[in-house]
Participant: 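Structure provided below as structure tokens; questions to follow.
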Amino acid sequence: MKLTPAVLLLCLACPLAKAQYNQHFAARTKPTAPAKIDLFMQEKAVAAEPVAPSKGLALWQAARVPTILIGLGVYSTVRRDVINRYQVREERNEHMPNFHSTVDNYLMHAPILVVYGLNAAGVKGKHDFRNRTLLLAKSEMIMAALTFSFKKVTNVSRPDDSNNFSFPSGHTAQAFATATFLAKEYGDQSVWYKIGAYSMATTVGAMRILNNRHWVSDVLAGAGIGILSTNLAYLTHQYKWKNKNSNLTVLPVYSNGPGVYVGMKL
């Protein structure tokens, strides 16, 4: 089969789309408590109390899809029988040898702008400003720690032989971390927020391959790390910053890369 950009995007998107659809469908089909009938035979709907999943189940749900993606990325780096990363590069070189774009450098941050833009426009997300920003900061720290640790340990050469820090893809990890951030904050309002978020992230991953900066295995692992980082940030968050009059100020900033400004009024 000839590899085209459309086929590449589809291959990267299918596992994530299926997982996100299953989660969305499950949320829509939660059982409700049976209706109660009073003396006048009038039915009264009784809302079911939300039941928080156990810690073990919550951790499994947070790590299930990322573990599959990371495992597939690692396996594809050392073996060729499932996904042949060299064949994918050959197809890229045959069909789009001169492809070059810098869009992925900016698109990986787009979901952050969407979240804060929606909030500024009056479309409230799941969390207030402080908690949302702390969650983002925690996700970025987890993602950076995992990504650079893997890069240093694995020492995989890039397809263009520019250096030995190919695995995993940092751009893809960043893109999927911010995409999951957008999905967490607004995904319950509409599934289209999730579709848009992960479409942007998948595009970043595909462009890293087309730019000849990463192997497909790097992109798969990067996607898993990005999703896992944000899932863990939300899973472990303590929600202690609820006081609107708090002297703590936390703001996202961008200067030669994403960062966080933290200030305390004494």
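Positions are given from 1, in the same order as the sequence printed here.
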Participant: Are Leu72 and Leu146 connected into the same hydrophobic cluster when the rule is that any two of I, L, V, M, F, W, Y join if their side-chain heavy atoms are below 4.5 Å apart?
Facilitator: no

Participant: Would you call Phe176 and Thr230 a side-chain contact if the rule is heavy atoms closer than 4.5 Å?
Facilitator: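 Not touching, per the 4.5 Å side-chain cut-off.
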
Participant: If I take atom CD from residue Glu140 and atom OG1 from residue Thr147, how far apart are they, to the nearest 0.5 angstrom?
Facilitator: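 Here the rounded value is 9.5 Å.
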
Participant: Quick one: salt bridge (charged side-chain N to carboxylate O under 4.0 Å, His left out) partners of Asp161, sequence neighbours excluded?
Facilitator: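 Partners of Asp161 under the salt bridge (charged side-chain N to carboxylate O under 4.0 Å, His left out) test: none.
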
Participant: Look at the rings of Phe181 and Tyr116 and say which category their plane angle falls in: under 30° parallel, 30 to 60° tilted, over 60° perpendicular.
Facilitator: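 It falls in the tilted class, 30° to 60°.
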
Participant: Report the residues that fulfil side chain to side chain contact (heavy atoms under 4.5 Å, CB included) with Thr67, sequence neighbours left out, ordered by chain and then residue number.
Facilitator: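 Partners of Thr67 by the side chain to side chain contact (heavy atoms under 4.5 Å, CB included) criterion, ordered by chain and then number, come out as Ala63.
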
Participant: Looking only at non-hydrogen atoms, find the nearest pair between Met200 and Pro111 and report the distance.
Facilitator: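 Smallest heavy-atom distance, with atoms named: CE-CG, 3.9 Å.
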
Participant: Quick check against the 3.5 Å criterion: does Thr178 have a side-chain atom that pairs as donor or acceptor with the backbone of Met108?
Facilitator: yes

Participant: Just checking, any donor-acceptor pair under 3.5 angstrom between side chains of Glu185 and Tyr234?
Facilitator: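 Looking only at side-chain atoms, Tyr234 and Glu185 do form a donor-acceptor pair, the distance falling under 3.5 Å.
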
Participant: Using side-chain contact (heavy atoms from CB on, under 4.5 Å), reason through Thr77 and Val156 one step at a time and then give a plain yes or no.
Facilitator: CA-CA 9 Å; Thr77 301; Val156 176; 4.1 Å; yes

Participant: Check whether any side-chain heavy atom of Lys184 lies under 4.5 Å from a side-chain heavy atom of Leu135, and answer yes or no.
Facilitator: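 Contact flag for Lys184/Leu135 side chains = no.
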
Participant: Say whether Asn163 and Arg158, considering side chains only, have a donor N or O and an acceptor N or O under 3.5 Å apart.
Facilitator: yes

Participant: Without swapping roles, check the side chain of Arg213 against the backbone of Arg208 for a donor-acceptor pair under 3.5 Å.
Facilitator: no

Participant: Quick one: ring-ring contact (aromatic ring centres under 6.0 Å, His included) pairs with a partner in residues 214-233, sequence neighbours left out?
Facilitator: Tyr86-Trp215

Participant: How would you list, by chain and number, every residue that makes a side chain to side chain contact (heavy atoms under 4.5 Å, CB included) with Asn98, sequence neighbours excluded?
Facilitator: none

Participant: Are more than 12 heavy atoms, taken from residues, nucleotides or ligands other than Phe150, located less than 6.0 Å from that residue's CZ atom?
Facilitator: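 No, because the 6.0 Å sphere around CZ of Phe150 holds 12 heavy atoms or fewer from other groups.
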
Participant: Measure across Ala183 and Lys194 and return the closest heavy-atom pair with its distance rounded to 0.1 Å.
Facilitator: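 Ala183 and Lys194 have their closest heavy atoms at CB-CG, 3.8 Å.
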
Participant: If you group Ile, Leu, Val, Met, Phe, Trp and Tyr whenever their side-chain heavy atoms sit less than 4.5 Å apart, what else falls in with Trp60?
Facilitator: Leu57

Participant: Measure up the Tyr186 and Tyr193 rings against each other and bin them: parallel (under 30°), tilted (30 to 60°), perpendicular (over 60°).
Facilitator: tilted

Participant: Working to the nearest 0.5 Å, report the span between CD1 of Ile227 and CG of Leu232.
Facilitator: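 Atom-to-atom, Ile227:CD1 and Leu232:CG are 11.5 Å apart.
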
Participant: Which pair of non-hydrogen atoms, one from Pro168 and one from Ala221, has the smallest distance, and what is that distance?
Facilitator: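 In this case the closest contact between Pro168 and Ala221 is CB-CB, 3.9 Å.
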
Participant: Look only at the side chain of Ser217 and the backbone of Ser76, and say whether a donor-acceptor pair between them is shorter than 3.5 Å.
Facilitator: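 Not confirmed, Ser217 side chain does not pair with Ser76 backbone.
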
Participant: Return the CD to NE2 distance between Glu90 and His95, rounded to the nearest 0.5 Å.
Facilitator: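 Spacing of CD (Glu90) from NE2 (His95) equals 11.0 Å.
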
Participant: I'd like to know if Lys126 and Asp188 make a salt bridge, using a cut-off of under 4.0 Å between side-chain N and carboxylate O.
Facilitator: yes

Participant: Is it the case that the side chain of Thr203 and the backbone of Ser199 share a donor-acceptor pair, with hydrogens and angles ignored and the cut-off at 3.5 Å?
Facilitator: yes

Participant: In terms of hydrophobic clusters joined by side-chain contacts under 4.5 Å, are Val216 and Val65 together?
Facilitator: yes

Participant: Does Leu235 reach the side chain of Leu59, with side-chain heavy atoms less than 4.5 Å apart?
Facilitator: yes

Participant: Is it true that the side chains of Tyr198 and Thr180 contain a donor and an acceptor less than 3.5 Å apart?
Facilitator: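 Present: a donor and an acceptor within the cut-off.
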
Participant: What residues, two or more places apart in sequence or in another chain, satisfy side chain to side chain contact (heavy atoms under 4.5 Å, CB included) together with Ile70?
Facilitator: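 Counting only residues at least two positions away or on another chain, Ile70 forms a side chain to side chain contact (heavy atoms under 4.5 Å, CB included) with Val74, Ile225, Leu228.
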
Participant: Nearest 0.5 Å, please: how far is OG1 in Thr172 from CG in Leu220?
Facilitator: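 It is 9.0 Å, given to the nearest 0.5 Å.
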
Participant: Minimum heavy-atom separation for Ala201 and Ala175, please, with both atom names.
Facilitator: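 Looks like CB-O, 3.7 Å.
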
Participant: If you round to the nearest 0.5 Å, how far is CG of Asn231 from CZ of Arg64?
Facilitator: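 Going from the CZ atom of Arg64 to the CG atom of Asn231 covers 10.5 Å.
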
Participant: With clusters defined by side-chain heavy atoms of hydrophobic residues (ILVMFWY) lying less than 4.5 Å apart, directly or transitively, does Leu136 cluster with Leu107?
Facilitator: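 Yes, Leu107 and Leu136 fall within the same hydrophobic cluster.
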
Participant: Could you check if a side-chain atom of Gln174 sits within less than 4.5 angstrom of a side-chain atom of Ile112, using non-hydrogen atoms only?
Facilitator: yes

Participant: Please say yes or no: joined through hydrophobic side-chain contacts below 4.5 Å, possibly via intermediate residues, are Val219 and Met143 part of one cluster?
Facilitator: no

Participant: Would you give the length of the straight line joining atom NE2 of His100 to atom CE of Met207, rounded to the nearest 0.5 angstrom?
Facilitator: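 If I round to the nearest 0.5 Å, the distance is 9.0 Å.
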
Participant: Are any side-chain N or O atoms of Lys151 and backbone N or O atoms of Phe165, one a donor and one an acceptor, separated by less than 3.5 Å?
Facilitator: yes

Participant: Applying the 4.5 Å side-chain criterion to the ILVMFWY set and letting contacts propagate, would Val88 and Val82 be lumped into a single cluster?
Facilitator: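 As far as the 4.5 Å side-chain criterion goes, Val82 and Val88 are connected within one cluster.
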
